[in-house]
Amino acid sequence: MKEEKGILEARRKKAEELEALGEPLFPNDFRPTDRAGILQELYRDYDQEALERLNQTFKLAGRLMARRDFGKAVFGHIQDQTGRIQIFVKRDEVGEEKFKLFKKYYDIGDILGVEGPLFRTKTGELTLLVRDLRLVTKAFRPLPEKFHGLRDTELRYRRRYVDLIMNPRVREIFLTRTRIVQYLRDYFISNGFLEVETPMMQPIPGGATARPFKTYHHALERDLYLRIAPELYLKRLLVGGFERVFELNRNFRNEGVSTQHNPEFTMLEFYEAYATHEDLMRRTEEILVGLAQELYGSNRITYQGQELDFTPPWPRIPFKKALLEIGGVPEEVLNSREKILELAQAQGIKMDPREPVLQKLWAKLFDALVEPKLIQPTFITEFPVEISPLARRNEQDPSITDRFELIVAGREIANAFSELNDPRDQRARFEEQIQKRLADDLEVHPEIDEDFIRALEYGMPPAAGEGLGIDRIVMLFTDAPSIREVILFPHLRPEA
RNA sequence: GGGCCGCUAGCUCAACUGGUAGAGCAAUGGACUCUUAAUCCAUAGGUUGGAGGUUCGAGUCCUCCGCGGCCCA
């Protein structure tokens, strides 16, 4: 057994003493009827007299966060999901025996059940005068320091439960995350979209270019991959006759972990039959403005010190034009592999010189030179067909696609296009992708998803689809600099 | 992947050019019936992220490693 250090040992010993006195440490028969934050709100404007007239007692459970001991009376604060409220425990109110238990055996960090009327202290704070109290859950570990709380970033992520106890701002971020997810779900449901669930484990990972996680199904004796995107399955549903569908769930990509990337992240993908990417641009504007209004009552929000204005319409800039004018890449460079590689070298942009697809090099330039400069919401359109294997070709110019990406604050927030529904072209694009694939490229799967082609052969209605990066949207609307601040349990390397 | 910064008591942080590792909060014992970072007295608490090295002597200097953060790409 691991040797325990002073404080842990003391707490354990104390708990065992309490247990020996016949007090259960983890009872489950206390039923609170009130909550701290609700009481604060309800009785905010009640003065002492009004509270007395109420002539009512309240019952709540919460974690003891602080105590101030005066001998025969103790002030404390208890905290539940909704907030905090001060409690006043007096010997004369709770009786000698319970008072002694409280003073000697209950610690900061314990969850207590308390009962009594509300009053106002001399300083005017709404306070529960405790008539009865008991231990609901004994804490065997001490909380962090009351004033500074838990600051160490690493510890905050590794022990998010402590982070949530100590830092109200963190609770707020995750409450906002839930509101955002609920808003989006409501939006799509009320616009006639069906929420569906498609496979997380796929025999052929598709719908994006990314290195997948691989696993193995023993009974089937086959490899399976955690999905990198749900796209190909959602399109099968369009074939099946569901005309508006969405899925809001996790994707997995086997890439680095950092403040901007988590190996599992949340994506909302939606597909709309008989719509085009133009329609989706308008929808995207509507959705983000709606969120800004819902959360802040304004089209403008502040992100990391800069103001973002979501008032539509947002600029639409063709991909190539953005490279030339925003990225400052000269036209003659774009058409020469050698010159691109030269430029990349000079600017320290990482590129594989063996990469056979010129447009993939363009994409690298775009990520490095254009994306970071786009702060206000901007649609980039007309992506080259070579890097858009699932998007419909533009009718006038078959070298580009009817696709857009939404960039906000230098980050890709959404990716959408009118869907390619010609099975012949789709097969040709997949074949092209595999043919041009470098032998050690783990981001392009070397097999064609034949069943997906077969589905297209049955006829997929014309449609447009979009993926919204939920973590990034939450970052924007909670002013979070790191993806780790908006994911409850972000992946970190194993503890040192 | 590269550069820089950090890792010291449960938590938040000190410790000059290398010279006996400290404080506040938390804890323990005590005083106190309107405090809110309560106050006052006392006590205890450490393999300084890990492994090597230099030195009479290392938290401090050097090397390697681990984890995190920031910046670059």
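We use all heavy atoms of the structure for the numbers below, so side chains are in, but hydrogens, waters and symmetry mates are not. First the proteins, then the strands, lettered A, B, ... as listed; each starts at 1.
Residue-to-nucleotide contacts include no donor-acceptor pair under 3.5 Å from the side chain of A:Asp152 to the base of B:rC7. Judged by distance alone with a 3.5 Å cut-off, no donor-acceptor contact links the side chain of A:Glu125 to the base of B:rU35.
Side chain of A:Glu154, nearest nucleotide from B:rU12, B:rC32, B:rC67: B:rC67. The side chain of A:Ala73 approaches B:rU33 more closely than any other nucleotide in the set B:rU33, B:rC34, B:rU12. In this structure, the nucleotide among B:rA37, B:rU35, B:rA27 sitting nearest to the side chain of A:Phe147 is B:rA37. Of the candidate nucleotides B:rG69, B:rC13, B:rA27, B:rC13 has the atom lying nearest to any side-chain atom of A:Arg151.
One C1' atom belongs to B:rU8, the other to B:rG45, and the distance between them is 14 Å to the nearest Å. Spacing of C1' atoms, B:rG6 relative to B:rU60, comes out at 15 Å, to the nearest Å. One P atom belongs to B:rA26, the other to B:rC16, and the distance between them is 28 Å to the nearest Å. Across B:rU63 and B:rG46, the matching P atoms stand 32 Å from one another, rounded to whole Å. Atom name C1', nucleotides B:rC7 and B:rG59: the rounded distance is 11 Å, in whole Å. Between B:rG10 and B:rC71, the distance separating the two C1' atoms is 33 Å to the nearest Å. Comparing the same atom, P, in B:rC62 and in B:rG19 gives a spacing of 15 Å after rounding to whole Å. To the nearest whole angstrom, the two P atoms, one in B:rC70 and one in B:rG57, are 40 Å apart.
The interatomic distance linking A:Lys72 (NZ) with B:rG30 (P) rounds to 13 Å, in whole Å. Between A:Glu485 atom CD and B:rC70 atom C1' the separation is 14 Å, expressed in whole Å. Atom CG in A:Asp69 sits roughly 12 Å away from atom P in B:rG29 (whole-Å rounding). Computed from coordinates, the A:Leu64 CG to B:rU35 C1' distance equals 14 Å when rounded to whole Å. Distance, A:Arg67 CZ to B:rA27 C1': 12 Å, rounded to whole Å. Per the geometry, NE2 belonging to A:His148 stands 17 Å off P belonging to B:rA23, to the nearest Å. The separation between A:Lys103 atom NZ and B:rG29 atom P is 11 Å, rounded to whole Å. Regarding A:Ile7, its CD1 atom lies at a distance of 14 Å from the P atom of B:rC25, rounded to whole Å.
B:rC70 and B:rG3 make up a base pair, with Watson-Crick or G-U wobble contacts both under 3.5 Å. Across all strands shown, the partner of B:rC61 is B:rG53, judged by Watson-Crick or G-U wobble contacts whose two distances both fall under 3.5 Å. Across all strands shown, B:rU8 forms no Watson-Crick or G-U wobble pair with both distances under 3.5 Å. Base pairing of B:rU17: no nucleotide in any strand meets the Watson-Crick or G-U wobble criterion (both distances under 3.5 Å). Nucleotide B:rU48 has no partner under the Watson-Crick or G-U criteria, as no pair reaches both atom distances under 3.5 Å. The pairing partner recorded for B:rU39 is B:rA31, the criterion being a Watson-Crick or G-U wobble arrangement whose two distances lie under 3.5 angstrom.
A salt bridge between A:Lys59 and A:Asp132 is absent, with no side-chain N of the basic residue lying under 4.0 Å from a carboxylate O of the acidic one. The pair A:Lys364-A:Asp367 fails the salt-bridge criterion, with no side-chain N (NZ, NE, NH1 or NH2) lying under 4.0 Å from an Asp/Glu carboxylate O. A salt bridge is defined here as a Lys NZ or Arg NE, NH1 or NH2 lying under 4.0 Å from an Asp or Glu carboxylate O, and A:Glu485 with A:Arg156 meets this definition.
Note on A:Lys14: only backbone sugar-phosphate atoms sit closer than 4.0 angstrom, heavy atoms only; bases stay farther off. Residue A:Thr259 is in sugar-phosphate contact alone, with no base atom involved, counting any heavy-atom pair closer than 4.0 Å across all strands shown. Contacts of A:Phe99 with the nucleic acid, taken as non-hydrogen atoms under 4.0 Å apart, are absent. Backbone-only engagement by A:Leu155 is indicated by non-hydrogen atom pairs under 4.0 Å involving sugar-phosphate atoms exclusively. Within the nucleic acid shown, A:Gly76 has no heavy atom closer than 4.0 Å to any nucleic acid atom.
For B:rG68, one of the phosphate oxygens OP1 or OP2 lies less than 4.0 angstrom from a side-chain nitrogen or oxygen of A:Arg493. Residue A:Lys350 has no polar side-chain atom (N or O) positioned under 4.0 Å from OP1 or OP2 of B:rC72. Close to B:rG69, at under 4.0 Å from its OP1 or OP2, lies a side-chain N or O of A:Arg484.
Here the two rings, on A:Phe489 and A:Tyr161, have centers that are 6.0 Å apart or farther. Checked against the 6.0 Å centroid threshold, A:Phe310 and A:Phe477 count as a close aromatic pair.
Residues A:Pro263 and A:Phe213 are in side-chain contact: their nearest non-hydrogen atoms beyond the backbone lie under 4.5 Å apart.
The backbone N or O of A:Arg169 sits nowhere less than 3.5 Å from a side-chain atom of A:Asn167 that would complete a donor-acceptor pair. In terms of modelled atom types and a separation under 3.5 Å, the side chain of A:Gln202 and the main chain of A:Leu226 share no donor-acceptor contact.
Between A:Phe70 and B:rC32, no base-stacking contact is recorded for ring centres under 5.5 Å apart and planes less than 30° from parallel.
With the nearest nucleotide of RNA chain B identified for both A:Lys90 and A:Gln347, A:Lys90 has the one nearer the 5' end. Heavy-atom distances to RNA chain B give each of A:Thr127 and A:Ala66 a nearest nucleotide, and the one nearer the 5′ end belongs to A:Thr127.
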